Colleague: 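Provided herewith is a single structure, encoded as structure tokens, for subsequent inquiry.
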Protein chains: 2
Amino acid sequence: MAHLPRCDSPPFPAVDHDHGRCRSWILQRAEQLCQQQGIRFTPQRQQVLAILSASHRSLGAYDILERMAESTRRPTPAAVYRALAFLMELGVVHRMSGNNAYFACTRTNHQHIMQFWICRRCGVVAETESSTIAQAIPLLAETLEFQTAWVTMEIEGECRTCRTA
Amino acid sequence: MAHLPRCDSPPFPAVDHDHGRCRSWILQRAEQLCQQQGIRFTPQRQQVLAILSASHRSLGAYDILERMAESTRRPTPAAVYRALAFLMELGVVHRMSGNNAYFACTRTNHQHIMQFWICRRCGVVAETESSTIAQAIPLLAETLEFQTAWVTMEIEGECRTCRTA
DNA sequence: AGCTGATTGATATAATATATCATCTCAAAG
DNA sequence: CTTTGAGATGATATATTATATCAATCAGCT
């Protein structure tokens, strides 16, 4: 199967960017990953990802639940969390532990040392992958004799759009 | 007022280190900061910090509550959270957002770009302050035109002690 | 002693997340 | 075409983490 083109939106894309492309990239990528792995991209899972992919903002689990309730019958919290767990396992959704929110990934990140930049005003999340930091962490870990399993890097602040507005 | 000596325990101190020194360093530092700032280091606040300073492990708010209940009358959750908020504001306790746990800081960190290394097995938390990373983040922020307000860096894994045990 | 602001207590509830077991669905095997 | 079995969802309950609100108390000042 051909590789989908990388979502070419930059971190913090302009407010007037063609978000339809981002959205379809996110959804098609998930579908492709499911097909490759022979697992089911059920309507409920699609619905959760569709809601998240509607913007670059992160949403709380219960926000997602409310939006699902608008178009179909209200799911249970467990259903939402199950779909989120599935999508995170698939690698297309990330959880921001700083504010218990979830957002749709727009990068094919095979590394797991990423930076998430979260605008406190508009909620938009941008992803970067600094090679400097990706190198620094294993060095520190070696000094500490620490075996790294998971790295969380979240930077909160204000994005350009909100600062200039 | 003279500056207290820096807590000289290394990140992930040996299991047989003299923890009494760490503990008293933590408590005395907090007392000193309160005196300097003319704010009150009340028994409840002391008690919370004493519980956290009993080890280098992080504890959940309700774990702290249970331990308080062992020695005095059971506080309310709000009381625990208030004490924690006070101690975090003072800069002597940090919150690990990855697992909603709190631990006593053992560094006089005036920078706010720190790395927290959390052993999943024993719960011990170590702090580092990488200058490489401290430089990299503002550079990335500049490229993104992002105004940084807060940086969270948490690395989960296994510490040396647990790996060799 | 009386005032004032900070602290704590008491109570309730919000917000986030998971456990458990029953039921349903789908796709593959027979 | 039916059976069957694993995975997915529904239903219900509950666990875990955290905050809001208002009353009571305490410490320091005059």
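On a predicted model such as this, the values are computed, not experimentally measured, just so you know. Residue numbers begin at 1 in each chain, while the letters A, B, ... track the order of the sequences.
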Colleague: Taking B:Glu154 for its side chain and B:Ile118 for its backbone only, find out whether a donor-acceptor pair lies under 3.5 Å.
Modeller: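 Not at all, since once roles are kept as given, no pair shorter than 3.5 Å links the two residues.
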
Colleague: Has A:Ser130 got a side-chain atom pairing as donor or acceptor with A:Thr132's backbone, closer than 3.5 angstrom?
Modeller: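 Here the side-chain-to-backbone pair exists.
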
Colleague: I'd like to know if the side chain of A:His56 and the backbone of A:Cys22 have a donor-acceptor N/O pair within less than 3.5 Å.
Modeller: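 Checking the backbone N and O of A:Cys22 against the side chain of A:His56, no donor-acceptor pair under 3.5 Å is found.
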
Colleague: How long is the line joining CE of B:Met96 and C1' of D:dT17, in whole Å?
Modeller: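 Rounded to the whole Å, the gap is 16 Å.
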
Colleague: Hey, does the side chain of B:Arg23 reach the backbone of B:Ala50 with a donor-acceptor pair shorter than 3.5 angstrom?
Modeller: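 Yes, B:Arg23 side chain to B:Ala50 backbone: donor-acceptor pair under 3.5 Å.
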
Colleague: Calculate the interatomic distance between B:Arg95 atom CZ and D:dT16 atom P; express it in whole Å.
Modeller: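 After rounding, the gap between these two atoms is 16 Å.
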
Colleague: To the closest 0.5 Å, what do you measure between CG (A:Leu90) and SG (A:Cys105)?
Modeller: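 The CG atom of A:Leu90 sits 10.5 Å away from the SG atom of A:Cys105.
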
Colleague: Respond yes when some side-chain nitrogen or oxygen of B:Asn100 is under 4.0 Å from OP1 or OP2 of D:dA18, and no when none is.
Modeller: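 Looking at the OP1 and OP2 atoms of D:dA18, one of them is under 4.0 Å from a side-chain N or O of B:Asn100.
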
Colleague: Test your reading of the model: is there a side-chain donor-acceptor pair from A:Arg163 to the backbone of B:Glu145, 3.5 Å cut-off?
Modeller: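 Such a contact is found between A:Arg163 side chain and B:Glu145 backbone.
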
Colleague: Quick one: which residue pairs count as a side chain to side chain donor-acceptor pair (under 3.5 Å) with a foot in residues 73-93 of chain A, not counting sequence neighbours?
Modeller: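 Of all non-adjacent pairs touching residues 73-93 of chain A, those that pass side chain to side chain donor-acceptor pair (under 3.5 Å) are A:Glu66-A:Arg74.
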
Colleague: Are any of B:Tyr81's side-chain N or O atoms less than 4.0 Å away from OP1 or OP2 of D:dA18?
Modeller: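 So the side-chain polar atoms of B:Tyr81 do come within 4.0 Å of the phosphate oxygens OP1 or OP2 of D:dA18, strictly under.
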
Colleague: Residues of residues 51-70 of chain B with any non-hydrogen atom less than 4.0 angstrom from an atom of DNA chain D: list those, numerically ordered, please.
Modeller: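 B:Tyr62, in order of number.
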
Colleague: Quick one, give me the B/S/- string for nucleotides 4-13 of chain C, reading 5' to 3', where B means a protein heavy atom under 4.0 Å from the base and S means that only happens at the primed atoms, P, OP1 or OP2.
Modeller: ---SBBBB--

Colleague: Tell me the interatomic distance from B:Leu84, atom CG, to D:dT16, atom C1', rounded to whole angstroms.
Modeller: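 Going from CG in B:Leu84 over to C1' in D:dT16 covers 15 Å.
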
Colleague: Given atom CD of B:Gln35 and atom C1' of D:dA27, what is their separation to the nearest angstrom?
Modeller: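 It is 16 Å, rounded to the nearest whole Å.
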
Colleague: For the pair made of CD in A:Glu89 and C1' in D:dG7, what is the distance, rounded to whole Å?
Modeller: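 About 15 Å, once rounded to whole Å.
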
Colleague: So A:Leu144 and B:Cys159, do their side chains get closer than 4.5 Å, heavy atoms only?
Modeller: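 Result no, sub-4.5 Å side-chain heavy-atom pair not found.
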
Colleague: Heavy atoms only: give me the nearest A:Cys7-A:Arg107 pair and the separation to one decimal.
Modeller: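 In this case the closest contact between A:Cys7 and A:Arg107 is O-NH1, 3.7 Å.
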
Colleague: Any side-chain N or O of B:Tyr102 under 4.0 Å from OP1/OP2 of D:dA18?
Modeller: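 Checking D:dA18 against B:Tyr102, a side-chain N or O does come within under 4.0 Å of OP1 or OP2.
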
